[in-house]
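Let me begin by presenting the structure, written as structure tokens, before commenting on it.
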Amino acid sequence: MAVHPVSAARDSRTNAPHEQEIRFCRAADGTRLAYAIHGNGPPLVVVSCWLSHLQHDWQSPVWRHFLDQLGDLATVIRYDERGFGMSDWTVDDFSIEARLSDLEAILDATGHERFALLGMSGGSAVAMAYAIAHPERVNRLILYGTACGVPVRFTPDGLAEEETYRSMIRVGWAKDDPEFRRVFTTKFIPDATEEQMRWFDDLQRMSTSPANAVTSRIARQEVDIEADLPRITAPTIVLQAIGDRSMSFDNAVSVSSAIPGARLVPLQSRNHILLADEPAWKVFIDEVSSFLEPERRAYSEGMPEQPAEALSRREVDVLRLAADGRTNEEIAAALTLSARTVERHLSNVYAKLGLSGRAARAAAVAEYLRHQLA
């Protein structure tokens, strides 16, 4: 399981760089999935958007402020969907069932038992589906630029327009000249600078193939989970830019009215991806921060910044391999120990970190990744 630490985003409290850890796991059907972890705080799982590339996004003038400020609030787990970014491109199933199964595999790999979900854009349907299927694991649900969970029914004119978009993807997605991709860029971020638009032009070509872009787009348009939305029990906030031309404000109204107790926050923006210098971004991050405050407070009160007693070198070795996703048997083989000895070292780690219960291993791994304990 490969790990690629990359420094870019900075922690605003310390001005120290956040470090992104890129990891891989396998979906139920064998598809390789790439996910990344950065930041500090309770776990926040960002359910992937339509376009992403973990490493390219890390340097992005479009996404950088999201990564910076969300990482200041939480331990952020994000991933490239099947067919995109650093995950396998050789796939043909983009159904909501496959995408939900992928999210389940990634969350199992991280070891977190409870977490907040942030479903953005096309990823919102998967976030809602997960909250429906696993209510016991989702402590909060944040939706931004949300889909409505209803299959798209095109009028004749609407279908002709959609076929034009699909044709532009097939013809222009992979070309050096971004002329066709710029159509999508201006729809997503109409108020962006030229630098930001060029970056988003490049992201489209880097993120996936033309065939995957079309196939996944069609699959997203076929998602049908509307009838199950009232089963969501997690506290929910829905944030939506009023002038967004990519996801209609009506979507946010429909979803907010269907999920019991959900709160709708309108944002004064035309951008599907909020930009750092617009007032709507501050509203967004303030709302998310306030919404996550109970978990952030519990996390800060319950997790020591450093263990009261230093870990031994062998305990650090065991924890490092646990953070790499190894089982106790695999750790034992790598360190020439017995599995029972590995269990004993882990028990010592938990005691020194003040951890107990089923989530102790995941919490210890989170501490290791955050502080590189030694």
Side-chain angles (χ1 to χ4, degrees), residues 1-9 11 17-49 52-60 63 66-67 70-71 74-91 98-118 123 126-127 130 137 206-208 316-331 333-335 346 349 359-373:
M1 187 176 299
V3 181
H4 304 277
V6 182
S7 292
D11 186 328
H18 286 307
E19 288 194 351
Q20 171 175 253
E21 295 273 352
I22 298 177
R23 299 170 176 270
F24 299 92
C25 65
R26 292 283 174 180
D29 64 1
T31 300
R32 186 192 72 233
L33 301 170
Y35 66 97
I37 303 171
H38 81 279
N40 181 31
L44 172 65
V45 180
V46 179
V47 185
S48 183
C49 304
S52 72
H53 189 293
L54 293 176
Q55 197 138 2
H56 189 56
D57 290 350
W58 194 246
Q59 308 292 343
S60 165
W63 286 114
F66 274 87
L67 301 178
L70 289 178
T75 298
V76 178
I77 300 151
R78 43 190 255 283
Y79 65 99
D80 288 329
E81 278 199 314
R82 57 174 48 224
F84 288 83
M86 299 176 70
S87 293
D88 274 344
W89 285 23
T90 310
V91 293
R99 296 164 63 207
L100 173 59
S101 179
D102 291 349
L103 178 57
E104 291 169 339
I106 288 166
L107 290 170
D108 286 346
T110 67
H112 293 293
E113 292 195 355
R114 283 182 61 79
F115 36 78
L117 285 179
L118 169 54
V126 180
Y130 190 95
R137 299 190 69 181
M206 291 181 63
S207 65
T208 196
V316 171
D317 290 340
V318 169
L319 188 54
R320 173 176 54 80
L321 293 173
D324 204 30
R326 310 278 189 96
T327 65
N328 285 2
E329 290 73 19
E330 290 170 335
I331 295 171
L335 298 178
L346 285 171
V349 169
R361 188 187 187 101
V365 165
E367 282 293 278
Y368 172 81
L369 294 174
R370 206 164 68 229
H371 297 300
Q372 297 293 288
L373 297 174

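As a basis for the values below, the full set of heavy atoms in this structure was taken, side chains included, without hydrogen atoms, waters or symmetry mates. Start at 1 with the first residue, then count along the sequence.
- For W89 (side chain) and G85 (main-chain N/O), a donor-acceptor pair under 3.5 Å exists by modelled atom type.
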Test side-chain contact (heavy atoms from CB on, under 4.5 Å) on V45 and L118 and set out the steps.
-> CA-CA 6 Å; V45 180; L118 169 54; over 6 Å; no

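- Taking OH of Y35 as the start and CG of L54 as the end, the distance is 11.5 Å to the nearest 0.5 Å.
- Among all heavy-atom pairs drawn from A109 and C25, the shortest one is CB-CB, 4.0 Å.
- The minimum heavy-atom distance linking V47 with A127 is given by the pair CG2-CB, 3.7 Å.
- In this structure, the separation between CD on Q55 and OG on S60 is 13.5 Å, given to the nearest 0.5 Å.
- V76 pairs with exactly one of L67, L70, N40 by the side chain to side chain contact (heavy atoms under 4.5 Å, CB included) rule, that one being L70.
- In terms of heavy-atom proximity, L33 sits nearest to A27 at CD1-CB, 3.8 Å.
- Distance CG/L107 to CD1/I77: 7.0 Å, rounded to 0.5 Å.
- Salt bridge R137/D108: present, at least one basic N to carboxylate O contact under 4.0 Å.
- In this structure, the side chain of H112 does not engage the main chain of F115 through any donor-acceptor pair within 3.5 Å.
- Residues D29 and T31 bring a donor and an acceptor atom of their side chains to less than 3.5 Å of each other.
- Using cut-offs of 30° and 60° for the angle between ring planes, the W58 and H38 rings count as perpendicular.
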R78 and Q20: side-chain contact (heavy atoms from CB on, under 4.5 Å), yes or no, with the steps?
-> CA-CA 10 Å; R78 43 190 255 283; Q20 171 175 253; 2.5 Å; yes

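- With values rounded to the nearest 0.5 angstrom, D102 atom CG is found 8.0 Å from S87 atom OG.
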Evaluate side-chain contact (heavy atoms from CB on, under 4.5 Å) for V318 paired with L346, printing each intermediate quantity in order.
-> CA-CA 7 Å; V318 169; L346 285 171; 3.7 Å; yes

List the steps, then state whether side-chain contact (heavy atoms from CB on, under 4.5 Å) holds for R99 with L103.
-> CA-CA 6 Å; R99 296 164 63 207; L103 178 57; over 6 Å; no

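- Side-chain N/O atoms of D80 and S52 include a donor and acceptor closer than 3.5 Å.
- Side-chain atoms of R23 do not come within 3.5 Å of backbone N or O of I37 as any donor-acceptor pair.
- Between S101 and A28, the closest heavy-atom pair is OG-CB, 3.7 Å.
- Of all the heavy atoms in R82 and V91, the pair that sits closest is C-CG2, 4.1 Å.
- The shortest heavy-atom contact between R326 and A334 is NH1-CB, 3.7 Å.
- Distance alone, capped at 3.5 Å, is enough to place a donor-acceptor pair between the E330 side chain and the T327 backbone.
- In this structure, the side chain of R32 engages the main chain of M86 through a donor-acceptor pair within 3.5 Å.
- Note: H53 NE2 to F84 CZ = 12.0 Å, rounded to the nearest 0.5 Å.
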